[in-house]
Amino acid sequence: MRTRLHGRGALFDADPAGLAPRLVGLVPGRHRAHPLEHPDEPPFVVLTGARGLGKSAVLDALQDAYRGHTPVASIDCSATQFAGPPAGRPADSWSPSAQALLVIAEQLAEPVTGAGRITFPRLMSGLVAVAAGGWDDADSERIRREVERILLLNERGARFGAFAGRWAGKVAAKVVAAATGAGPLVSGAIEATLESVAEGFTGHKHQKASEWYRSYPNAGGNAERGLILLSQHFRDGGGSREHAERYLVRALLADLGEAYGGFMAKMQRLGRPLVLLDNAQTTPGPELTAAVLRDRAEGTGDRVVFVAARRGEGRAALPGAVRRQLAEVARRTGWTPDAAPSSRALLVALPPLSADDTLHIVGALCADTAVPSHLPAAAHRLTGGNPLGVVLLAESAAQHLPEVTSLGELLAAEFRPAENLPGSPVHQALLDRLVPAAYMEELTVLAAAHDHGSACALASALLPDTFGPADVRALQTLLAEEGLPVAPGQFVGDPFVRTLLLLRLHLRDADHASWRRAHETLIEHYAEPEQAPYRLYHELALGDAESAVARLRDDFAGADTRVWLRTLRFIASAPYFHAHDAAGRDSGGRGDRRAAVALGATDAGHPVPEGVDAVLHLRVRRLLHALWELTDPLVLPDPKVCDRLRFELEQLSNLRPAAGALLWRASRDWPAAALAGRPIEGPEDSEDSEDDARGEA
């Protein structure tokens, strides 16, 4: 199968088969059968991860691959059609789950290769009973519209348009008559509906659907009473509605089972039905998922393939689910359920893209543009392989090359998704899809924080008084639920999202006033001596490197080398979005002085404080600026600066022979990581380095 997706072969591969063909029983994009991995009961697959990892794109690709070959339905649980009842429909006769079942059945009913329409007599009868609970206003036109749409679920031929209109009008007339009579409306409406349906649909399957509701709890073998109870439970809300909705889900699956039963159906229908639920963390996603999993656990089986996508890891919602990385399900799932309903689910975490995937995406989207050789590697380093980030950066490059080439300028440039649509800066277009819109302003400010305390300090200084410590904790919880990683020392753990938010903070005002105020607030917040690294980090973000150089210089001889290296690395990770002059003040120029300082070009004009070792002072200053540039996600690593970083660390290792192993390994590991686009880590974090240090001591 040819697909626009990259790095998702474990799902779509045909030979050897990926997860999709092994569950659906069809080769993607072709009407050719494939052996099933789980012939008796497929796992309920849930794709997990943070925003921007391509979960929706995977569902779209699955729909494209199997549409027309096997019944496919796809819904976005966050769509407005599931947010509330349509105009005129009472809330007690409508729910997101019931609406979703109607929409799903409408899509599954469509004919496919080798087989005609699927009918849904059980679901149709149940949905009519639910809708009847809201017909007490005797609005004949609204009743006719609602009945007509539901009756469409129960006809095989394309001729049903006029046919449905006739019977819908007949049902509406009987319901209106029942509403104006003395008897109970719902029972009269259901009786009228069943009579009309019985007159119009006389097939064996439709009779079986009527019989099916005889088994509804407390129906006493009477289908009409079963539907009346279903309608009543639905209107009662709470647990009673949940019970009724479960029965409607069961009706949908029973109708699908009927369509796949018998010799002819098995000959005609090669693939299993496929139901796709996007944003399944939003109602009606959890309700539909729970209903299917509970019935499967209780022995009411089905063979429908469900693939849902939800933000976060899904651990709280599905505690007993089997968890796999995407690569682990490429050839087999290793899925075996137990007694718990949630064990029927298989959580599959989508990984970021590889550097090769990024290269191919940039090449495809910039096919008509000369792309600088460094751009794909730089885009992958910045985004960490986030598919949305890679795609939007590549599209921005296609719109702005060759005038704009640096990542910082690409993020600030206007991105137009289409000629007839308004544009917005690339970083804002990304944030609109990567973070919750309701908390954009708060996250923009709190992205500069490191923990709860510093976030509260920022909130007090830059956010409204109504946003307090409890709101900070709630936002931390929300970020975890969204699937963003947790990183010690950073309030927003995802480096890519944090960079975008900090860039938004920096560009919030023309004079960068919010940016300065945020960092000045944190400099004041971290006033204790043991908090010096945080204070120096924020001073460096404002362009003032002198205090950091002095602290690192004075601590070098006596501090634990591991701690010294960690402190250096942390301070040098301070964000940088604009040029500074020689005094550290904001500059309107485009020049980046960090490389010049790192390479020693400014040594001659830099005054060294009296009474200090000038050689050590300048060496630490060059080292700090080299590392500051090499850890900047918006700047591609400069080989010359990497060489300088290596040299300065080597020279420092000569000054402290007892701890030389750590400094020597850093001189090798840090430049190599920077050039490869990896985070600069260790060697001071590894046990081997600690052993080396103890041995030399």
Side-chain angles (χ1 to χ4, degrees), residues 92-95 97-98 101-102 105 109 118-136 143 146-156 160 163-164 166-168 170-179 181 183-236 240-259 261-262 291 295 298-300 302:
D92 62 358
S93 68
W94 182 93
S95 76
S97 294
L101 291 172
L102 174 60
I118 294 177
T119 59
F120 294 89
R122 296 170 179 81
L123 180 62
M124 178 207 68
S125 301
L127 291 178
V128 167
V130 167
W135 290 343
D136 57 352
I143 293 171
E146 292 179 8
V147 171
E148 182 173 347
R149 182 175 181 183
I150 297 172
L151 289 181
L152 281 168
L153 298 179
N154 208 39
E155 175 56 32
R156 292 183 178 279
F160 190 60
F163 187 65
R166 252 192 340 269
W167 286 108
K170 189 170 184 178
V171 171
K174 289 197 173 188
V175 170
V176 171
L185 170 66
V186 174
S187 59
I190 290 175
E191 181 181 359
T193 302
L194 289 179
E195 287 178 4
S196 299
V197 171
E199 293 173 16
F201 306 104
T202 57
H204 176 62
K205 287 187 177 181
H206 307 105
Q207 297 301 320
K208 289 182 67 175
S210 176
E211 296 171 0
W212 193 71
Y213 282 97
R214 295 176 181 176
S215 62
Y216 191 84
N218 298 320
N222 185 298
E224 183 178 330
R225 176 167 173 75
L227 287 166
I228 292 173
L229 287 170
L230 173 74
S231 180
Q232 181 63 52
H233 288 154
F234 192 94
R235 292 196 309 278
D236 288 344
S240 297
R241 172 172 288 191
E242 180 183 341
H243 172 78
E245 289 176 339
R246 276 189 62 203
Y247 217 80
L248 292 175
V249 173
R250 195 176 299 167
L252 170 79
L253 298 178
D255 286 334
L256 287 172
E258 181 87 27
D295 273 2
E298 293 177 356
T300 305
D302 66 87

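It should be emphasised that the depicted structure is a prediction, and the values quoted were computed from it without experimental measurement.
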Looking at side-chain heavy atoms only, is the closest gap between [X] and [Y] below 4.5 Å?
{"X": "L101", "Y": "V249", "answer": "yes"}
{"X": "R149", "Y": "L102", "answer": "yes"}
{"X": "T119", "Y": "L153", "answer": "no"}

To the nearest 0.5 Å, how far apart are [atom1] in [X] and [atom2] in [Y]?
{"X": "F120", "Y": "S125", "atom1": "CZ", "atom2": "OG", "answer": "13.0 Å"}
{"X": "S240", "Y": "L230", "atom1": "OG", "atom2": "CG", "answer": "11.0 Å"}
{"X": "R250", "Y": "T300", "atom1": "CZ", "atom2": "OG1", "answer": "5.0 Å"}
{"X": "L253", "Y": "L123", "atom1": "CG", "atom2": "CG", "answer": "9.5 Å"}
{"X": "L229", "Y": "E224", "atom1": "CG", "atom2": "CD", "answer": "11.0 Å"}
{"X": "L127", "Y": "R122", "atom1": "CG", "atom2": "CZ", "answer": "14.0 Å"}

>> Keeping Y213 on the side-chain end and R225 on the backbone end, is there a donor-acceptor pair under 3.5 Å?
In response: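 No; judged by distance alone, with no hydrogens or angles, the pair does not exist.
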> Quick one: which of D255, V147, I150 gives a side chain to side chain contact (heavy atoms under 4.5 Å, CB included) with M124?
Replying inline: I150
Does [X] come within less than 4.0 Å of [Y], counting only side-chain N to carboxylate O?
{"X": "R235", "Y": "D92", "result": "no"}
{"X": "R241", "Y": "D236", "result": "no"}
{"X": "R246", "Y": "E298", "result": "yes"}

[X] to [Y] - nearest heavy-atom pair and separation:
{"X": "A244", "Y": "H233", "value": "CB-CB, 4.1 Å"}
{"X": "E146", "Y": "A131", "value": "OE1-CB, 3.9 Å"}
{"X": "A129", "Y": "S231", "value": "O-OG, 2.9 Å"}

> Is the Y216 ring parallel, tilted or perpendicular to the Y247 ring (thresholds 30°, 60°)?
Replying inline: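 Taking Y247 first and then Y216, their aromatic rings stand perpendicular (interplane angle over 60°).
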